A.B. asks: 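Quick one: structure below, then a few questions.
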Amino acid sequence: MNDTWDLSFLYKSFEDEAFLADVARLPEAIAGEKAILDSALPTQEKLEQLMAADEALSMLMERLFSFTELTLAADANNGVAQQYEDKLNVIANDASLVNSGITRFVGSIDNLEDIIAASEKLQPVAFILREMKQSAAHTIPAEIEPWMLQMRLSGGSAFSQLRDKLDSTHTVEYRGQSLPLPAVRGMAYDGDAAVRKDAYEAEIASYKKIELPMSYCLNSIKMEARTMAKAKGFDSVLDMTLDQNRMDRQTLEAMLTAIREYLPHFRRYLRAKAAYLGHKDGLPFYDLFAPVGKASKAYTIEEAREVLLQEMGKFTPEMARFMNNAFAQRWIDLYPREGKTGGAFCSGAHQFDRSLVLTNFQGSFSDISTIAHELGHAWHNRCMAGLPYCLTDTPMPLAETASIFNETMLAHQVLKNASQEEQFTLLESSLMEVTQTCVDILSRYLFETEVIDTRADHAMTVDELKDAMLRAQDATYGDGLDKNIRHPYMWACKSHYYSSGLNFYNFPYAFGELFGKGVFAQYLKEGEAFVPKYNQLLRSCGSGTIAEVAASVGIDVRSADFWRASLEVVKGDIDTFCALCNK
């Protein structure tokens with residue numbers, strides 16, 4: 001099995017004539033869209049032409065940016081890719097200016113509803129047009145927007161790129177070897193306690209090499225976020241983020257309230273795991289991801305593929321065929337290596353009905369679950385095939401629905417036929433993951449809130465950032481973790497803090513975890529009849545607010561009771577795990 005992805009469907013190389021022609025064509029396409037915006041065409045005709053031009057421009061930009069960014073994700077040292085990404089980012093500023101101009105134009109149309117009703121071309125994108133009209137109040141003033149976007153290139157975007165370069169080229173000295181950071185972090189899942197402890201200590205020690213530039217990256221990106229929120233007329237960065245995510249504070253607070261109520265149960269799970277592993281004062285961070293039980297095993301990628309096809313095919317045979325195709329057509333870049341970014345992600349190529357998945361597979365069941373998670377994103381992309389580009393822009397919280405559904409489905413299927421020993425191991429693996437998406441995510445939310453608030457006064461030092469992270473972990477993990485062995489550098493190894501223009505990329509994971517479990521509960525009630533409803537839910541994620549999309553399957557996300565119901569399922573798993581620990 002080929003273990004790297006194939007990007008040749010985008011372009012053959014950076015010397016490909018098609019690539020060079022598209023780079024040259026991009027400024028022309030942006031200028032063409034601006035010419036339509038500046039024209040004296042009748043309003044309806046202008047809107048129709050603008051939406052058509054925007055669709056074509058989206059296709060062109062997706063292809064160019066996917067090729068450069070995915071190349072860099074797999075090889076941060078590719079200097080040609082870096083040069084083209086910088087070049088494309090400069091050109092893309094002009095596209096952002098045109099998009100803002102279109103939003104202002106739509107905001108100025110008094111009879112928008114009449115125009116939509118009169119146009120068959122505009123009716124499919126009516127939600128987006130209405131959203132633009134509302135968003136017009138939060139566009140940056142036209143006279144300063146060009147300069148602010150230019151400054152972002154040497155500000156947040158540059159610091160984001162620096163962070164990625166630091167992360168992907170960072171090595172850790174482990175037992176006499178110099179290894180990529182993702183490989184060492186992956187040892188947290190190793191079955192040997194000594195390996196886990198040594199890897200953790202090596203990882204923590206290694207951050208001394210990059211802590212200072214990482215702190216500058218984080219401080220600069222969050223200061224820019226504050227500036228952008230103010231320029232757009234938002235009261236806070238959080239308000240700006242919620243608006244970007246089509247989510248309201250009532251929904252966020254309902255979810256966070258429920259998570260806080262259930263923290264004692266997560267801590268009970270962590271203490272039970274700690275006792276099982278022989279620890280007395282809570283779980284040391286290096287054992288947070290430790291496998292438990294005798295059923296723990298290392299999987300080859302061929303075995304992982306077999307598990308995925310067999311178990312996920314029970315949801316629908318189409319899912320198994322889809323996953324098999326992802327492996328066969330080299331959608332997946334599998335293993336960690338120097339120069340490759342850490343973690344995992346899925347990137348869609350909408351016009352090609354294809355997705356690209358990056359993982360750092362090392363053989364644990366958690367790694368199989370990660371592939372299921374990322375291929376859930378790919379399934380979501382498949383469900384949106386054929387939609388206008390503007391309706392595929394899924395809010396971050398809903399973007400996690402299919403990925404969490406896949407994780408939950410995989411765990412459910414594997415647990416059904418497992419022995420008690422296997423159940424113990426797999427149940428703990430599932431709880432380990434949900435603890436990350438609820439407890440750890442809450443700690444990240446608290447940490448990022450503090451960084452953004454503090455940044456109004458000063459740039460936080462490395463020591464301040466470490467202290468803030470430890471306090472956030474204490475507030476969420478509590479006595480579930482050993483207070484003397486936590487992770488003060490979690491802010492340095494999580495890329496989610498460093499995306500320029502994308503803030504609070506934390507609570508969407510908690511939303512996705514619990515919403516995905518709620519949707520899975522609907523599937524268990526309805527069985528096969530729910531499959532088309534589920535696929536339609538995924539298809540609609542870019543066509544309404546979060547509350548509207550959730551309501552389409554009977555879920556009220558503004559009620560804490562919904563979130564409590566999902567967490568009650570987790571509590572049941574914790575009860576079972578603790579009982580098995582005692583056996």
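FYI, side chains are in, hydrogens and waters are out, and symmetry mates aren't considered; it's all heavy atoms of this structure. Everything numeric in this text was worked out from a predicted model, so none of it was measured.
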A.B. asks: How far does CD1 of Ile140 sit from CH2 of Trp147, to the nearest 0.5 angstrom?
C.D. replies: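 Interatomic distance, Ile140 CD1 to Trp147 CH2, rounded to 0.5 Å: 14.0 Å.
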A.B. asks: For Glu224, enumerate each residue passing the side chain to side chain contact (heavy atoms under 4.5 Å, CB included) test, keeping only those at least two apart in sequence or located in another chain.
C.D. replies: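 For Glu224, the residues satisfying side chain to side chain contact (heavy atoms under 4.5 Å, CB included) (neighbours in sequence not counted) are Arg152, Met228, Ser500.
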A.B. asks: Look only at the side chain of Ser119 and the backbone of Leu122, and say whether a donor-acceptor pair between them is shorter than 3.5 Å.
C.D. replies: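 Yes, because the side chain of Ser119 sits within donor-acceptor range (under 3.5 Å) of the backbone of Leu122.
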A.B. asks: On a heavy-atom basis, which atom in Ser355 and which in Gly348 lie closest, and how many Å separate them?
C.D. replies: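 Heavy-atom minimum between the residues: OG-CA, 4.0 Å.
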A.B. asks: Going from OG1 on Thr68 to CG on Leu10, what distance comes out if it is rounded to the nearest 0.5 angstrom?
C.D. replies: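 Rounded to the nearest 0.5 Å, the OG1-CG separation comes out at 9.5 Å.
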A.B. asks: So, Tyr509 versus Gln436: side-chain donor-acceptor pair below 3.5 Å or not?
C.D. replies: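 Not at all, the side chains of Tyr509 and Gln436 share no donor-acceptor pair under 3.5 Å.
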A.B. asks: Could you label the plane-to-plane angle of the His138 and Phe234 rings as parallel, tilted or perpendicular, counting under 30° as parallel and over 60° as perpendicular?
C.D. replies: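 If you compare the ring of His138 with that of Phe234, the planes turn out parallel.
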A.B. asks: Side chains of Gln82 and Glu85: any donor to acceptor distance under 3.5 Å?
C.D. replies: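 Side chains of Glu85 and Gln82: pair found under 3.5 Å.
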A.B. asks: If we ignore angles and hydrogens, is there a donor and acceptor under 3.5 Å between the side chains of Asn78 and Thr71?
C.D. replies: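 Note: Asn78 and Thr71 side chains miss the donor-acceptor criterion.
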A.B. asks: Please determine whether the number of non-hydrogen atoms from other residues, nucleotides or ligands lying under 6.0 Å from atom NZ of Lys494 exceeds 12.
C.D. replies: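 Yes, the 6.0 Å shell around NZ holds more than 12 heavy atoms from other groups.
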A.B. asks: Tyr477 vs Phe266, test: ring pair (Phe, Tyr, Trp, His ring centres under 6.0 Å). Steps then yes/no.
C.D. replies: CA-CA 8 Å; Tyr477 286 99; Phe266 284 104; 9.4 Å; no
A.B. asks: Distance to the ring centre below 6.0 angstrom and angle to the axis at most 45 degrees; does that hold for Arg63 and Tyr11?
C.D. replies: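 Flagged: Arg63 positioned over aromatic ring of Tyr11.
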A.B. asks: Give a yes or no answer on whether the side chain of Arg246 reaches the backbone of Gly542 with a donor-acceptor pair at less than 3.5 Å.
C.D. replies: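 It does hold such a pair.
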A.B. asks: If you take the centroid of each ring, where Trp contributes its six-membered ring, are Tyr505 and Tyr497 closer together than 6.0 Å?
C.D. replies: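 No, ring centres 6.0 Å or more apart.
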A.B. asks: Does Lys46 make a cation-pi contact with Phe105, if we ask for NZ or CZ under 6.0 Å from the ring centre and within 45° of the axis?
C.D. replies: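 Pair Lys46/Phe105 counts as cation-pi.
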A.B. asks: Check whether any side-chain N or O of Lys222 sits under 3.5 Å from a backbone N or O of Arg455 as a donor-acceptor pair, and report yes or no.
C.D. replies: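 No; zero donor-acceptor contacts below 3.5 Å.
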A.B. asks: Which word best sums up how the rings of Phe322 and Trp379 line up, parallel for under 30°, tilted for 30 to 60°, or perpendicular for over 60°?
C.D. replies: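 The rings of Phe322 and Trp379 stand perpendicular, inter-plane angle above 60°.
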A.B. asks: For residues Glu448 and His496, is any side-chain donor paired with an opposing acceptor at under 3.5 Å?
C.D. replies: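 Note: Glu448 and His496 side chains miss the donor-acceptor criterion.
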A.B. asks: Mind telling me whether Tyr523 and Phe520 have parallel, tilted or perpendicular rings, with 30° and 60° as the class edges?
C.D. replies: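 If you compare the ring of Phe520 with that of Tyr523, the planes turn out tilted.
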A.B. asks: Would you check if the side chain of Lys340 reaches a backbone N or O of Asp333 as a donor-acceptor pair within less than 3.5 Å?
C.D. replies: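 Here the side-chain-to-backbone pair exists.
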A.B. asks: Of all the heavy-atom pairs spanning Ser39 and Ile36, show the shortest one and how long it is.
C.D. replies: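 Taking Ser39 first and Ile36 second, the nearest heavy atoms are OG-O, 2.7 Å.
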A.B. asks: Is it the case that more than 12 heavy atoms not belonging to Glu143 sit under 6.0 Å from its CD atom?
C.D. replies: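 More than 12 heavy atoms, drawn from other residues, nucleotides or ligands, come within 6.0 Å of this atom.
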A.B. asks: Look at the side chain of Thr139 and the backbone N and O of Ala136, then say whether any donor-acceptor pair between them is shorter than 3.5 Å.
C.D. replies: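 Indeed, once roles are kept as given, a pair shorter than 3.5 Å links the two residues.
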A.B. asks: Strictly distance-based, threshold 3.5 Å: is any side-chain N or O of Asn245 a donor or acceptor partner for the main-chain N or O of Met396?
C.D. replies: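 Yes: the side chain of Asn245 pairs with the backbone of Met396.
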A.B. asks: Would you give the length of the straight line joining atom OH of Tyr498 to atom CD1 of Ile221, rounded to the nearest 0.5 angstrom?
C.D. replies: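 CD1 of Ile221 is found 7.5 Å from OH of Tyr498.
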A.B. asks: At their closest point, which heavy atom of Leu60 faces which heavy atom of Ala29, and how far apart are they?
C.D. replies: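 Closest heavy-atom pair between Leu60 and Ala29: CD2-CB, 4.2 Å.
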A.B. asks: Is the Tyr445 to Phe504 ring centre distance short of 6.0 Å?
C.D. replies: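 Close enough - the centres of the two rings lie under 6.0 Å apart.
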A.B. asks: Under 3.5 Å, is there a donor-acceptor pair linking the side chains of Glu400 and His373?
C.D. replies: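 On atom types as modelled, these side chains qualify, holding a pair under 3.5 Å.
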A.B. asks: Do side-chain atoms of Glu33 reach the backbone of Leu57 as a donor and acceptor pair under 3.5 angstrom?
C.D. replies: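 Such a contact is absent between Glu33 side chain and Leu57 backbone.
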A.B. asks: Assess, by modelled atom type and distance only, whether the side chains of Tyr389 and Glu62 contain a donor and an acceptor separated by less than 3.5 Å.
C.D. replies: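 On atom types as modelled, these side chains qualify, holding a pair under 3.5 Å.
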A.B. asks: Run the side-chain contact (heavy atoms from CB on, under 4.5 Å) test on Asn506 and Asp440 for me, step by step, so that the C-alpha distance in whole Å, both residues' side-chain angles and the decisive distance to 0.1 Å come before the verdict.
C.D. replies: CA-CA 9 Å; Asn506 40 59; Asp440 197 71; over 6 Å; no
A.B. asks: Any chance you could measure Lys87, atom NZ, to Leu26, atom CG, to the nearest 0.5 Å?
C.D. replies: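 It comes to 9.5 Å.
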A.B. asks: Please tell me whether Ser100 and Glu145 have a donor and an acceptor in their side chains that are separated by less than 3.5 angstrom.
C.D. replies: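 The criterion, which ignores hydrogens and geometry beyond distance, is satisfied for Glu145 and Ser100.
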A.B. asks: Do we see a donor-acceptor contact under 3.5 Å between the side chains of Gln44 and Glu48?
C.D. replies: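 A pair is found: one side chain offers a donor N or O, the other an acceptor, under 3.5 Å apart.
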A.B. asks: To the nearest 0.5 Å, what is the distance between CZ on Arg539 and OG1 on Thr394?
C.D. replies: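 One gets 11.5 Å once the value is rounded to the nearest 0.5 Å.
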A.B. asks: Is the backbone of Glu464 close enough, under 3.5 Å, to the side chain of Thr461 for a donor and an acceptor to pair up by distance?
C.D. replies: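 Checked: pair present.
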A.B. asks: Distance alone, cut at 3.5 Å: any donor-acceptor contact between the side chains of Asp457 and Thr454?
C.D. replies: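 Side-chain D/A pair, Asp457 to Thr454: absent.
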A.B. asks: Looking at Asp561 and Arg564, does any basic side-chain N land under 4.0 Å from a carboxylate oxygen?
C.D. replies: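 Salt bridge present between Asp561 and Arg564.
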A.B. asks: If you compare all heavy atoms of Trp563 against all heavy atoms of Ser559, which two are closest, and at what distance to 0.1 Å?
C.D. replies: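 Scanning both residues, the minimum pair turns out to be CD1-O, 3.3 Å.
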A.B. asks: Using the side chain to side chain donor-acceptor pair (under 3.5 Å) rule, take Ser403 and Asn406 through it: C-alpha gap first, then chi angles, then the decisive distance, then the call.
C.D. replies: CA-CA 5 Å; Ser403 55; Asn406 270 19; over 6 Å; no
A.B. asks: To the nearest 0.5 Å, what is the distance between OG on Ser96 and CE on Met148?
C.D. replies: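 Reported to 0.5 Å precision, the distance equals 12.5 Å.
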A.B. asks: Apply side chain to side chain donor-acceptor pair (under 3.5 Å) to residues Glu568 and Tyr262 and explain how you reach the verdict.
C.D. replies: CA-CA 8 Å; Glu568 196 63 25; Tyr262 279 76; 2.5 Å; yes
A.B. asks: Do Leu64 and Tyr84 come close enough that some side-chain heavy atom pair is under 4.5 Å?
C.D. replies: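 No, side chains not in contact.
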A.B. asks: Is there a donor-acceptor contact under 3.5 Å from the side chain of Ser58 to the main chain of Asp54?
C.D. replies: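 Yes, because the side chain of Ser58 sits within donor-acceptor range (under 3.5 Å) of the backbone of Asp54.
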A.B. asks: Do side-chain atoms of Ser160 reach the backbone of Gly156 as a donor and acceptor pair under 3.5 angstrom?
C.D. replies: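 No, because the side chain of Ser160 does not come within donor-acceptor range (under 3.5 Å) of the backbone of Gly156.
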A.B. asks: How far apart are the C-alpha atoms of Cys438 and Leu514, what are their side-chain angles, what is the distance that settles it, and do they pass the side-chain contact (heavy atoms from CB on, under 4.5 Å) test?
C.D. replies: CA-CA 9 Å; Cys438 289; Leu514 300 177; 4.0 Å; yes
A.B. asks: Looking only at non-hydrogen atoms, find the nearest pair between His380 and Ala399 and report the distance.
C.D. replies: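 Here His380 and Ala399 meet closest at ND1-O, 4.2 Å.
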A.B. asks: Shortest non-hydrogen contact from Leu358 to Ala73?
C.D. replies: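 Residues Leu358 and Ala73, closest heavy atoms: CD1-O, 3.9 Å.
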A.B. asks: If the plane angle is over 60° it's perpendicular, under 30° parallel, otherwise tilted; pick one for Trp491 and Tyr489.
C.D. replies: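 Trp491 vs Tyr489 ring planes: tilted.
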